[in-house]
Participant: 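Okay, here's the structure, questions in a sec.
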Amino acid sequence: MGRQLSRRHFLKSTAATAAVAGAYGAGFRPALAAPDLARLDALAQADLVAKGEATALELVDAAIARIEKVNGQVNAVVTELYDRAREAARGELPKGPFTGVPNLVKDLNSLAGTRLTNGSRMFAENVSPATEPIIAANEAAGFVMVGKSNTPEFGLLGTTESLLLEPCHNPWNLEHSAGGSSGGAAAAVASGMVPLAHATDGGGSIRIPASCCGVFGLKPSRGRIFLGGDTLPGDIGVQHCVSRSVRDSAALFAVTEMTGEGAVLAPVGRVTAPGKKRLKIAFDTMSYYGTEPDADVKAALEDTAKLCADLGHEIIPARNPVEGEAFIDAFLTVWASGPSRLVALAKENGLDPEEVLEPWTNGLAAHFNAKPGDAMEKALAAFAAATAKVNAFMSGYDVWLTPMLASAPPKLGEQDPRVPFDTLYERTIRYVAYTPLHNAVGTPAMSVPLSWNEAGLPIGSQFAAPLGGEKVLFELAFELEQARPWADKYAPVFAG
């Protein structure tokens with residue numbers, strides 16, 4: 001594979017690419033004499049520790065046992081941090097809402113002294129010298145990190161099938177994709193390894209795997225959570241988690257959102273229950289290309305719209321205000337700028353990009369390098385224009401409902417990074433036609449696990465709100481969770 005680069009050298013050479021890289025539901029009560037921890041959400045597990053009914057070490061040991069039971073089939077955890085986790089669990093943990101609960105760090109993120117591969121052969125032996133702010137905030141909330149979760153190379157695909165870390169399998173059907181780029185996180189939660197897992201989202205990477213794996217995932221607004229100094233071009237990247245319960249996500253959001261003088265947005269605080277206001281919900285299944293999703297996705301979203309209407313919300317037919325071809329050209333320009341720098345970095349250090357970077361990454365670099373010198377400037381101007389259009393559109397609605405993806409989870413291999421570039425490009429931009437817009441304009445959006453198709457594969461519904469509108473989304477998510485609970489839905493590959 002040739003030589004590899006250290007994280008410090010990488011950041012020094014090209015800092016901007018670092019980031020390229022209540023209760024469950026009404027009536028739900030775990031009726032277990034000895035709690036089956038795989039079926040408890042993170043707050044319920046933390047409550048056992050707070051009450052002295054379990055120790056942090058017992059939670060960690062149980063999570064390790066669950067990982068060892070099913071990870072050989074799923075490949076969600078790619079670096080084991082068992083000794084580190086057990087040592088932390090034996091010590092004095094921070095007092096927070098999740099004290100003692102096991103969690104995973106996505107392998108695009110730094111945890112001091114642990115391997116950080118970015119899913120890339122170029123960083124296969126890289127070790128993080130420090131812990132980055134969002135992971136430190138998770139640890140301050142009481143989480144114990146038991147491993148690193150699988151990701152595609154630098155998070156560049158909507159599936160998790162890197163050549164270094166190998167494919168992550170969907171617990172609902174092992175032949176299918178778990179989504180990406182937080183595929184390992186979502187698959188670990190869906191298979192019961194951990195109740196919640198850290199995740200990131202630069203083009204849909206929280207929401208896509210949440211949809212594929214039948215778990216909950218909310219992408220916060222731009223500027224909501226402090227990430228540190230390194231950001232994606234266009235400031236499209238955010239971080240949060242995927243979880244089995246809405247309350248877990250809402251509780252973590254409350255302790256990681258920025259508050260005080262540094263807050264970009266007015267803090268939301270902890271949302272704990274459904275809202276009473278009936279919402280105006282814009283709805284359309286058509287993408288910004290003017291194309292419809294697969295029939296099972298369209299049927300699922302129409303059913304979701306009916307559910308919302310039955311709950312008293314107003315469903316209003318509406319069309320996406322953004323022209324897809326122009327937007328995706330701008331988005332892919334921004335997306336491909338990081339790979340261009342990675343290829344240049346490899347060459348600067350005497351590495352062959354074809355050896356240490358995947359064909360998709362090299363193809364994106366070539367795509368960017370073929371563009372004129374003002375391509376990035378024009379792409380960011382297109383983002384600003386799209387933002388104005390979406391803001392104007394959303395001013396008439398509380399929430400915007402669309403499909404999460406154009407299809408149910410595809411089979412592994414269909415979006416493998418070795419698929420010929422032009423073919424993979426077309427497959428990818430159709431598949432993820434509903435997610436990148438919210439990264440470009442900064443709006444919060446969530447995938448809610450409300451549907452499964454006849455083949456038993458999950459289909460998430462995407463709800464978005466105006467910038468800063470996470471409270472409305474969490475309140476709606478609580479209501480949907482109560483109306484159509486998913487806490488008792490378990491994948492065929494489950495560690496419980």
Side-chain angles (χ1 to χ4, degrees), residues 22-24 40-50 56 59 63 88 93-106 108-109 111 131-147 149 182 184-186 188-190 193-201 205-207 209-210 213 215-228 237-259 263 265 267-273 444-449 468-478 481 487:
Y24 271 93
L40 297 183
D41 72 352
L43 287 173
Q45 291 193 29
D47 190 52
L48 294 176
V49 175
L59 296 190
L93 291 169
K95 300 301 180 185
F98 299 105
T99 298
V101 178
N103 194 347
L104 299 170
V105 179
K106 186 175 177 180
L108 295 182
N109 294 80
L111 179 65
T131 299
E132 60 191 84
I134 185 64
I135 304 305
N138 272 256
E139 290 190 309
F143 281 115
V144 180
M145 301 306 182
V146 297
S149 65
S182 305
V189 173
M193 298 182 196
V194 291
L196 175 152
H198 163 258
T200 73
D201 195 316
S205 294
I206 288 174
R207 294 159 288 154
C213 293
V215 297
F216 179 75
L218 180 139
K219 178 198 91 68
S221 296
R222 175 180 296 141
R224 175 66 75 185
I225 293 174
F226 179 68
L227 302 178
V238 296
Q239 302 190 37
H240 188 37
C241 70
V242 288
S243 61
R244 283 192 63 84
S245 70
V246 176
R247 71 172 190 162
D248 278 356
S249 181
L252 180 59
F253 178 91
V255 295
T256 54
E257 68 171 336
M258 287 194 287
T259 59
L265 301 166
V268 171
R270 185 165 172 177
V271 182
T272 59
M446 63 183 181
S447 178
V448 186
E470 289 93 335
K471 183 175 187 288
V472 170
L473 292 181
F474 276 128
E475 288 178 341
L476 177 59
F478 273 114
E481 185 182 38

Participant: Taking only residues two or more places apart in sequence, or in another chain, which ones meet Ser243 in a side-chain hydrogen bond (donor to acceptor under 3.5 Å, both in side chains)?
Facilitator: none
Participant: Which distance, rounded to the nearest 0.5 Å, do you find between the CG of Leu227 and the CZ of Arg222?
Facilitator: 11.5 Å
Participant: Minimum heavy-atom separation for Thr256 and Leu252, please, with both atom names.
Facilitator: OG1-O, 2.8 Å
Participant: Give a yes or no answer on whether the side chain of Ser182 reaches the backbone of Ser205 with a donor-acceptor pair at less than 3.5 Å.
Facilitator: yes
Participant: Assess whether side-chain contact (heavy atoms from CB on, under 4.5 Å) is satisfied between Ser249 and Phe474, documenting all intermediate values.
Facilitator: CA-CA 9 Å; Ser249 181; Phe474 276 128; 3.6 Å; yes
Participant: Does the side chain of Val189 come within less than 4.5 Å of Val194's, by heavy atoms?
Facilitator: yes
Participant: Closer than 3.5 angstrom, by distance alone: can the side chain of Gln239 be matched with the main-chain N or O of Asp201 as a donor-acceptor pair?
Facilitator: no
Participant: Restricting to ring-ring contact (aromatic ring centres under 6.0 Å, His included), what partner residues turn up for Phe143, sequence neighbours left out?
Facilitator: Phe98
Participant: Calculate, to the nearest 0.5 Å, the distance between atoms CZ and CG belonging to Arg207 and Leu218 respectively.
Facilitator: 9.0 Å
Participant: Glu257 and side-chain contact (heavy atoms from CB on, under 4.5 Å): which partner among His240, Arg224, Glu470?
Facilitator: Arg224
Participant: For Gly217 versus Ala210, what's the shortest heavy-atom pair and its separation?
Facilitator: N-CB, 3.8 Å
Participant: Please tell me whether Thr200 and Lys106 have a donor and an acceptor in their side chains that are separated by less than 3.5 angstrom.
Facilitator: yes
Participant: Rounded to the nearest 0.5 Å, what separates atom CG in Leu104 from atom OG in Ser149?
Facilitator: 5.5 Å
Participant: Does Val271 reach the side chain of Leu473, with side-chain heavy atoms less than 4.5 Å apart?
Facilitator: no
Participant: If we ignore hydrogens and angles and just use 3.5 Å, is the side chain of Ser221 paired with the main-chain N or O of Gly468 as donor and acceptor?
Facilitator: yes
Participant: Do Arg247 and Thr272 make a side-chain contact, defined as non-hydrogen atoms from C-beta onward lying under 4.5 Å apart?
Facilitator: no
Participant: Do you know which two heavy atoms are closest between Ala56 and Val49, and how far apart they sit?
Facilitator: N-CG2, 4.0 Å
Participant: Under a 4.5 Å cut-off applied to non-hydrogen side-chain atoms, are Val242 and Leu196 in contact?
Facilitator: no
Participant: For Pro94, is there any backbone N or O sitting under 3.5 Å from a side-chain donor or acceptor partner on Thr99?
Facilitator: yes
Participant: Minimum heavy-atom separation for Pro195 and Val101, please, with both atom names.
Facilitator: CG-CG1, 3.8 Å
Participant: Looking at every heavy atom in both Leu43 and Asp248, which two are closest together, and how far apart are they?
Facilitator: N-OD1, 3.0 Å
Participant: Does Ile134 offer a backbone N or O that forms a donor-acceptor pair with the side chain of Asn138 under 3.5 Å?
Facilitator: yes
Participant: Does Arg244 reach the main-chain N or O of Ala487 with its side chain, forming a donor-acceptor pair under 3.5 Å?
Facilitator: yes
Participant: Would Glu139 and Asn103 count as having a side-chain donor-acceptor pair, cut-off 3.5 Å?
Facilitator: no
Participant: Measure the CD-CG distance between Glu132 and Asn109 for me, rounded to the nearest 0.5 Å.
Facilitator: 4.0 Å
Participant: Write down the atom of Ser447, the atom of Phe216, and the distance for their closest heavy-atom approach.
Facilitator: O-CD1, 3.6 Å
